[in-house]
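In what follows, a structure is listed as structure tokens, so that the remarks can point back to it.
All residue numbers refer to positions in the sequence shown, counting from 1.
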Amino acid sequence: MTELIWEGKYDKDGRKVAPLRAALPFQTVETVNESAQERQRALDFFSMGRDPEWRNRLIWGDKKYVLPSLLDKFAGKVDLIYIDPPFDTGADFSFRAEVGGAGFIKEPSIIEQKAYRDTWGRGLESYLQWLYESLLLLRDLLNESGSIYIHIGHNMSHYAKVLLDEVFGNSNYINEIIWKRQTAHSDARQGSSHYGRVHDCLLFYSKSQTYVWNQSHTPHDEKYLETHYRSIEPDTDRRYELADMTAPGGASRGNPYYEFLGVTKYWRYSRERMQQLYEEGRIVQPSPGAVPRYKRYLDEMQGNPLQSIWTDLNPINSQAIEAAGYPTQKPEALLDRIIKASSNDGDLVLDCFCGSGTTPVIAEKLGRRWIAADLGRFAIHTTRKRLLSIPDVEPFVVQNLGKYERQLWQAAEFGESAENRQLAYRRFILDLYRAQPVTGYSWLHGVRAGRMVHVGSVDSPVSPADVANIAAEFRRATGSGSGAPTTNAVDVLGWDFAFELNEVAKQQAALANINMRFVRIPREVLEKRAVEQGDIRFFELAALSLDTRVSGRCVSLTLTDFVIPLDDVPEDV
């Protein structure tokens with residue numbers, strides 16, 4: 001078959017470049033909406049060597065790591081995939097959002113900017129490689145009777161279809177669906193040089209010819225009803241039409257030929273069935289000798305079979321009840337239609353670009369199991385919030401790949417030798433933090449503007465015990481030779497931090513007369529392009545302070561101070 005070729009699809013030896021398939025363990029950050037009884041039951045299942053009961057999954061991470069990590073457990077087990085990947089290669093991915101009734105521009109996080117930059121760093125060619133690798137992994141996850149819907153813009157749909165033909169086979173192409181997402185568009189005004197762009201495309205493929213299909217219907221058009229269902233039963237007010245019951249003739253057709261009510265014809269029904277319908281009042285002879293006709297009631301008709309142009313689903317506007325303040329949010333009716341048509345109760349639905357969370361929300365409401373993932377922190381928070389607004393939502397877990405993703409990166413970046421790898425890793429982080437390395441210490445690794453710097457391990461969170469060791473070594477180091485601290489201050493850099501760390505560490509630091517600051521190492525350091533372009537920014541760890549008052553059985557909590565990393569908050573808020 002014809003193949004789409006781009007730079008990077010094949011390596012120098014003529015072999016196709018395969019997607020990363022490193023299977024990393026997921027780390028559960030939170031189990032949401034699970035009672036103590038449900039949690040104990042899951043633990044009991046695990047202790048008996050049985051799989052715990054199913055938990056839907058909301059995963060924060062890059063799909064290039066998430067999808068391969070799902071393969072071990074879910075290869076061939078996903079029944080329906082819907083993805084709405086970014087396809088506007090000229091966009092900056094900022095958007096307007098609402099918080100507490102106030103609007104602001106949500107700038108893309110550094111990692112989101114970096115991911116999009118990686119995706120389209122070489123323009124169309126790198127985008128095609130990115131999409132191609134995604135489709136290969138999604139195909140492996142899909143059940144033999146499963147289907148996939150790719151929601152994509154008119155500017156990329158023709159490329160995507162060729163890739164889908166290659167990955168899934170052109171014999172498994174089912175439909176191109178056109179969704180008219182708005183009635184008019186500002187890019188086609190007086191004096192513009194093109195037609196208004198008012199639609200998106202959905203490419204619908206299966207993995208085999210035996211895919212799940214539940215026929216959907218749309219209501220009949222009012223003009224059709226006026227011309228076809230004009231008759232009304234006087235007793236019940238039921239609308240009906242008189243339909244033809246004759247059938248094509250000829251022996252090869254197999255239709256019965258006989259006389260009924262004085263009319264001899266080929267008929268759609270057997271003589272016995274015709275007599276039964278007549279006795280039920282479902283057959284009408286308009287006049288003696290006229291061809292009998294079948295009385296078809298409107299309330300028995302499902303409507304028109306759904307076609308491939310969808311004009312009846314309105315996009316989300318700011319006043320919609322379901323609006324989540326997310327720019328690319330798709331209407332719930334769109335996913336409701338797709339999930340009902342291509343999956344059954346209890347089936348597993350996957351969306352690895354879940355955005356505002358419409359796919360898992362509708363899957364949850366329709367009794368499907370689901371796995372949803374996204375690169376953006378804002379998307380995960382939005383999805384979690386929407387899921388919790390569903391009455392009696394089933395428990396679900398929030399997961400990431402945590403330290404395992406970092407371990408893979410560290411080994412690939414700094415070599416196999418544990419000692420050399422650790423030293424190279426620390427120097428790399430110190431350089432990004434603009435600190436100078438120091439030697440002769442175990443817990444103090446650098447200095448910046450008179451403050452000592454500790455670089456946390458990729459394997460474990462910074463703990464109170466680590467802080468105690470840092471403080472003890474700092475006291476011994478004060479004023480002792482080259483590289484010694486010139487102020488009573490330490491910056492502790494870490495990927496993760498133990499809960500309660502701020503409070504305990506503040507106490508320890510105060511006892512040692514040390515000004516200690518906790519700084520998160522941003523995940524962006526894993527991305528070479530972000531490092532090369534100077535996009536690494538460090539932020540102080542989020543923290544809050546509370547005053548607590550207890551009076552009998554009443555507890556009053558007052559928030560007195562808080563620190564939020566600036567990458568979580570737009571600058572104008």
Side-chain angles (χ1 to χ4, degrees), residues 18-32 34 38-78 81 111 115 133-134 136-142 348-354 360 369-377 379-380 383-384 394-416 418 421-422 425 456-463 466 494-499 520-527:
L20 176 72
R21 288 183 179 268
L24 306 177
F26 288 101
Q27 294 183 288
T28 297
V29 177
E30 177 187 22
T31 302
V32 182
E34 182 178 58
E38 289 170 324
R39 187 175 299 111
Q40 185 58 51
R41 186 168 56 184
L43 290 172
D44 291 342
F45 274 122
F46 184 77
S47 65
M48 291 185 293
R50 296 167 55 187
D51 286 339
E53 292 185 23
W54 170 262
R55 289 289 179 266
N56 294 317
R57 300 179 177 215
L58 178 59
I59 304 170
W60 178 31
D62 192 328
K63 58 89 192 156
K64 75 178 179 182
Y65 298 115
V66 170
L67 294 181
S69 301
L70 288 171
L71 281 172
D72 181 54
K73 188 171 183 179
F74 296 105
K77 295 182 179 179
V78 176
I81 296 171
I111 191 170
E133 292 179 358
S134 302
L136 290 172
L137 295 169
L138 291 169
R139 180 197 61 195
D140 291 348
L141 287 165
L142 198 61
L348 178 56
V349 179
L350 168 67
D351 184 349
C352 58
F353 301 91
C354 71
R369 296 173 299 137
W370 53 265
I371 299 172
D374 203 281
L375 176 71
R377 182 189 292 112
I380 298 301
T383 299
R384 181 185 180 280
E394 292 292 327
F396 63 94
V397 294
V398 181
Q399 297 180 313
N400 62 25
L401 293 168
K403 67 177 183 180
Y404 303 106
E405 182 180 7
R406 300 194 294 267
Q407 288 171 341
L408 186 70
W409 163 79
Q410 188 184 48
E413 194 73 21
F414 305 113
E416 295 300 323
R421 183 171 68 233
Q422 186 72 357
Y425 156 72
S457 165
V458 300
D459 300 309
S460 56
V462 176
S463 69
D466 295 334
W495 297 89
D496 295 308
F497 296 84
F499 296 114
R520 187 178 297 280
I521 300 173
R523 186 180 177 278
E524 291 84 346
V525 304
L526 305 184
E527 303 293 340

All salt bridge (charged side-chain N to carboxylate O under 4.0 Å, His left out) counterparts of Asp140, not counting sequence neighbours: Arg21
Exercise: identify the closest heavy-atom pair between Asp374 and Cys354: OD2-N, 3.3 Å
Side chain to side chain, Leu375 and Lys63, heavy atoms closer than 4.5 Å: no
Gap separating the CZ atom of Arg55 from the CD atom of Glu394, nearest 0.5 angstrom: 8.0 Å
Smallest separation among heavy atoms of Pro68 and Leu20, with atom names: CG-O, 3.1 Å
Sub-4.5 Å side-chain heavy-atom contact between Leu58 and Val32: no
Pairing residues for Trp495 by the ring-ring contact (aromatic ring centres under 6.0 Å, His included) criterion, not counting sequence neighbours: none
Main-chain N/O of Lys403 paired to Gln27 side chain as donor or acceptor, under 3.5 Å: yes
CA sep, side-chain torsions, deciding dist, call: Cys352, Val66, side chain to side chain contact (heavy atoms under 4.5 Å, CB included): CA-CA 8 Å; Cys352 58; Val66 170; 5.8 Å; no
With sequence neighbours excluded, residues passing side-chain hydrogen bond (donor to acceptor under 3.5 Å, both in side chains) with Ser69: none
Gap separating the CG atom of Leu526 from the CD1 atom of Ile521, nearest 0.5 angstrom: 10.0 Å
Any residue meeting salt bridge (charged side-chain N to carboxylate O under 4.0 Å, His left out) with Arg139, in chain and number order, not counting sequence neighbours: none
Heavy-atom check, side chain of Leu138 versus side chain of Leu350, under 4.5 Å: yes
Contacts of Ser460 that satisfy side-chain hydrogen bond (donor to acceptor under 3.5 Å, both in side chains) - sequence neighbours left out: none
Sub-4.5 Å side-chain heavy-atom contact between Val398 and Trp60: no
With sequence neighbours excluded, residues passing ring-ring contact (aromatic ring centres under 6.0 Å, His included) with Tyr404: none
Heavy-atom side-chain contact between Phe26 and Leu70 under 4.5 Å: yes
Residues which pass side-chain hydrogen bond (donor to acceptor under 3.5 Å, both in side chains) with Gln410, listed by chain and number, not counting sequence neighbours: none
Nearest heavy-atom neighbours spanning Pro19 and Leu136: CD-CD1, 3.8 Å
Residues which pass side-chain hydrogen bond (donor to acceptor under 3.5 Å, both in side chains) with Asn56, listed by chain and number, not counting sequence neighbours: Trp54, Glu364
Within-4.5 Å side-chain heavy-atom neighbours: Arg406 and Asp496: yes
Ring-ring centroid check Trp409 Phe414, cutoff 6.0 Å: yes
For Thr31 against Thr28, the heavy-atom pair lying closest together: OG1-CG2, 3.9 Å
Sub-4.5 Å side-chain heavy-atom contact between Leu348 and Phe74: yes
Student check: side-chain heavy atoms of Ser134 and Leu137 closer than 4.5 Å: no
Set of salt bridge (charged side-chain N to carboxylate O under 4.0 Å, His left out) partners for Arg384, sequence neighbours left out: Glu30
